[in-house]
Amino acid sequence: MGQALYRKYRSKSLSEIVGQEHITSTLGKAIKSGRISHAYLFTGPRGVGKTSIARILAHEINELPYTDESAHLDIIEIDAASNRRIDEIRELREKVYVAPSSAKYKVYIIDEVHMLTREAFNALLKTLEEPPAHVVFILATTDAHKLPDTIISRTQRFAFRPVEKAKVVEHLKHIAQKEKIKISDEALELLAEHGEGSFRDSISLLDQASNHGKSIGIIEVRSLLGIPSAESIEQIINALETANTALIMQVLVGLYDQGFQAAGIAKQLALKLRQEIGAAQQRLSPQHILDILAKLIEVPASHDPERYLEIVLLAQSTPVATMVAQPAPPVTTITPVTKAEPKVVENAKKKELIAEDNTQASADEPEPAHETTTEQPIATGTFDLTAWPEVLAALKKKHNTVYSIARMGQPSLGSDGQLVLAFAFAFHQKRVNEAKNRKMLLDTIQELTGQTIHLECTFDKELAQRPVPSPSQAVAEPALNTISNIFGGGELLES
């Protein structure tokens, strides 16, 4: 059975450690001067050399040679994940007072020390506070925040950091040359990037890639890691720039069919968008990029990552503009719909006419029937399309998910004055028609306009084939026609 590369190329001395020079230099000087601490704490992410340095340090303070197969009675390694109870720590406390068999120091390396129970920490605390002169503790953990402050305060803490990408690439190239693995520089950079600063993870990926064949390129590594092609990511970004929802769905469905996961797609898209922020020629505005990045972070934790990724991208590619009607003389300027003024302007104009009729009417001979007919208000079922952008803004504050879906609809008025939302994808039509989402939308409209309206959601697959309207045309053109018929003119302005 072959040996894993990360074990085969594990460092054997402090001078061989790469990427943690701020730690190895300090420890090296301490060993030369004989200033050995009774307890060390190594903290940092996985695969950056904590355990390797702990083993090297244990051997060097005892002036013993170290190899990967080295074993010594006075160097004891304890896995806190499987020895976390108070009984194990009590047994350790009893043994620490026994002198080393042959070495100068008895060294206890406790890995993943944060896994100890509270009682075990309390039992260990006394030993750390007043240890025998011949005992050295080396504690290692990836979750330092889970350690009691009383434990941390009794140790010398060394914070390990992720290894720089350039150093990881250089180390991988060195290993590939020794193992006679033919791999391109681009592929090595991708392995290092995917390793996220961990030597062990990066070397393990190289070991896995070496089984692919004689020559390894970027395509083979992408396939190994489940990373979508750069061309697919570029297509999505271009579609976001041109608001091409049909292309977004086409690319996503193609990637899903190839077996790519939504979390992986979101991660690669986020990496590419981050590069866009510093690019000389940006295809998307910085604020637009930040909005997308904030949503992409939530994709892996979503209940349905694929659908959530679709909603994020489709919502960010569909501009929504605020429509303001431009007055055309001699028509009165349209007043925006607010909570304080729930009635539409035409209703206000009718009240003015009613007031004039009442002034001119005879005071001693009123006509109740005539007054009732004149003061009859406009039916509350007729929705004012100028209020749609305000409805979306209110939804965004109260329920972002419903907002993300509702903004995909093209609003218009039906024959009976009801609000009609046309969707390019049946999935969005179905989501809006869900009882809780439908109620949220209708309640918001009633709260803003004072109207109880009828809502109809339709599916029009032809919308996906049409060019997505620019921000100044975000509200459907039929709405403008309706307003023009009432008020004599209208203009769409961006918010």
Side-chain angles (χ1 to χ4, degrees), residues 2-28 42-57 66 68 111-112 140-144 158-230 233 263-264 266-275 278 300:
Q3 190 178 27
L5 290 182
Y6 79 88
R7 293 188 58 193
K8 184 176 180 179
Y9 290 94
R10 177 175 282 163
S11 301
K12 305 299 187 297
S13 66
L14 291 177
S15 60
E16 294 181 13
I17 298 292
V18 179
Q20 307 297 340
E21 290 78 10
H22 63 296
I23 293 175
T24 56
S25 62
T26 303
L27 292 176
F42 293 165
T43 65
R46 68 184 189 279
V48 294
K50 297 188 300 297
T51 305
S52 294
I53 292 182
R55 291 171 179 168
I56 294 170
L57 178 62
Y66 173 66
D68 200 31
D111 200 10
E112 299 300 335
T141 179
T142 54
D143 296 309
F158 291 86
F160 288 65
R161 57 195 179 201
V163 186
E164 297 175 15
K165 180 182 173 182
K167 292 183 177 180
V168 176
V169 172
E170 184 180 351
H171 195 61
L172 292 179
K173 188 180 295 186
H174 171 71
I175 294 175
Q177 290 173 351
K178 285 205 166 189
E179 293 294 318
K180 297 181 180 180
I181 301 172
K182 293 183 179 180
I183 183 169
S184 67
D185 291 344
E186 288 183 344
L188 287 175
E189 289 184 3
L190 187 56
L191 289 176
E193 183 177 301
H194 204 73
E196 297 180 340
S198 168
F199 262 135
R200 184 175 63 234
D201 290 357
S202 301
I203 296 172
S204 295
L205 290 172
L206 175 63
D207 198 359
Q208 187 177 353
S210 65
N211 299 321
H212 187 276
K214 295 181 178 180
S215 182
I216 306 168
I218 189 73
I219 297 177
E220 288 76 18
V221 173
R222 283 186 178 277
S223 176
L224 170 68
L225 301 178
I227 298 176
S229 66
I233 300 300
K267 181 178 180 180
Q268 292 305 307
L269 184 57
L271 289 174
K272 187 64 178 177
L273 287 174
R274 286 179 60 196
Q275 297 174 6

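All values reported here derive from a predicted model rather than from experimental measurement.
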*Point-to-point distance, once rounded to the nearest 0.5 Å, from OG1 of T24 to CZ of F158*: 10.5 Å
*How far does CD1 of I227 sit from NE2 of H194, to the nearest 0.5 angstrom?*
5.5 Å
*Would you call K8 and I175 a side-chain contact if the rule is heavy atoms closer than 4.5 Å?*
no
*asked:* Quick check for you: to the nearest 0.5 Å, what is the distance between L206 atom CG and I181 atom CD1?
replied: 4.5 Å
*For T141, side chain to side chain donor-acceptor pair (under 3.5 Å) partners two or more places apart*: H114
*Can you list every salt bridge (Lys or Arg N to Asp or Glu O under 4.0 Å) pair that touches residues 187-200, not counting sequence neighbours?*
K165-E193, E196-K267
*Step by step, work out the ring-ring contact (aromatic ring centres under 6.0 Å, His included) result for Y6 and F199.*
CA-CA 8 Å; Y6 79 88; F199 262 135; over 10 Å; no
*Between E16 and K12, what is the shortest heavy-atom contact and its length?*
OE1-N, 3.0 Å
_Any side-chain heavy-atom pair of I183 and L191 under 4.5 Å_ = yes
*asked:* So which atom in Y66 and which in R10 form the shortest heavy-atom distance, rounded to 0.1 Å?
replied: OH-CD, 4.2 Å
*How long is the gap from NZ on K178 to CG on L5, to the nearest 0.5 Å?*
12.0 Å
*Looking at V48 and P162, what are the two nearest heavy atoms and their distance?*
CG1-CA, 4.1 Å
*asked:* Are the side chains of V163 and Q20 in contact, using a 4.5 Å heavy-atom criterion?
replied: yes
*Return the set of residues passing side chain to side chain donor-acceptor pair (under 3.5 Å) with S15 (not counting sequence neighbours), or none when no residue passes.*
S13
*Test item: S210 side-chain N/O and D207 main-chain N/O as donor-acceptor pair under 3.5 Å*: yes
*Rounded to the nearest 0.5 Å, what separation is found between the CG atom of L190 and the OG atom of S202?*
10.5 Å
*Going through the checks in order, is the side chain to side chain contact (heavy atoms under 4.5 Å, CB included) test met by I17 and I56?*
CA-CA 10 Å; I17 298 292; I56 294 170; 4.1 Å; yes
*Which residues satisfy the salt bridge (Lys or Arg N to Asp or Glu O under 4.0 Å) test with E21, sequence neighbours excluded?*
K167
*Rounded to the nearest 0.5 Å, how far does OG of S11 lie from CZ of R55?*
12.0 Å
*Looking at residues at least two apart in the chain, or sitting in another chain, which of them share a salt bridge (Lys or Arg N to Asp or Glu O under 4.0 Å) with R46?*
D201
_Heavy-atom count check: over 12 atoms from other residues, nucleotides or ligands less than 6.0 Å from E186 CD?_
no
*Could you tell me whether K173 and D185 have a side-chain N and a carboxylate O separated by less than 4.0 Å?*
yes
Please list, one pair per line, the donor and acceptor atoms closer than 3.5 Å that link side chains of residues 218-225 to other protein atoms, with sequence neighbours excluded.
from, atom 1, to, atom 2, distance (Å)
E220, OE1, G217, N, 2.8
R222, NH1, P228, O, 2.7

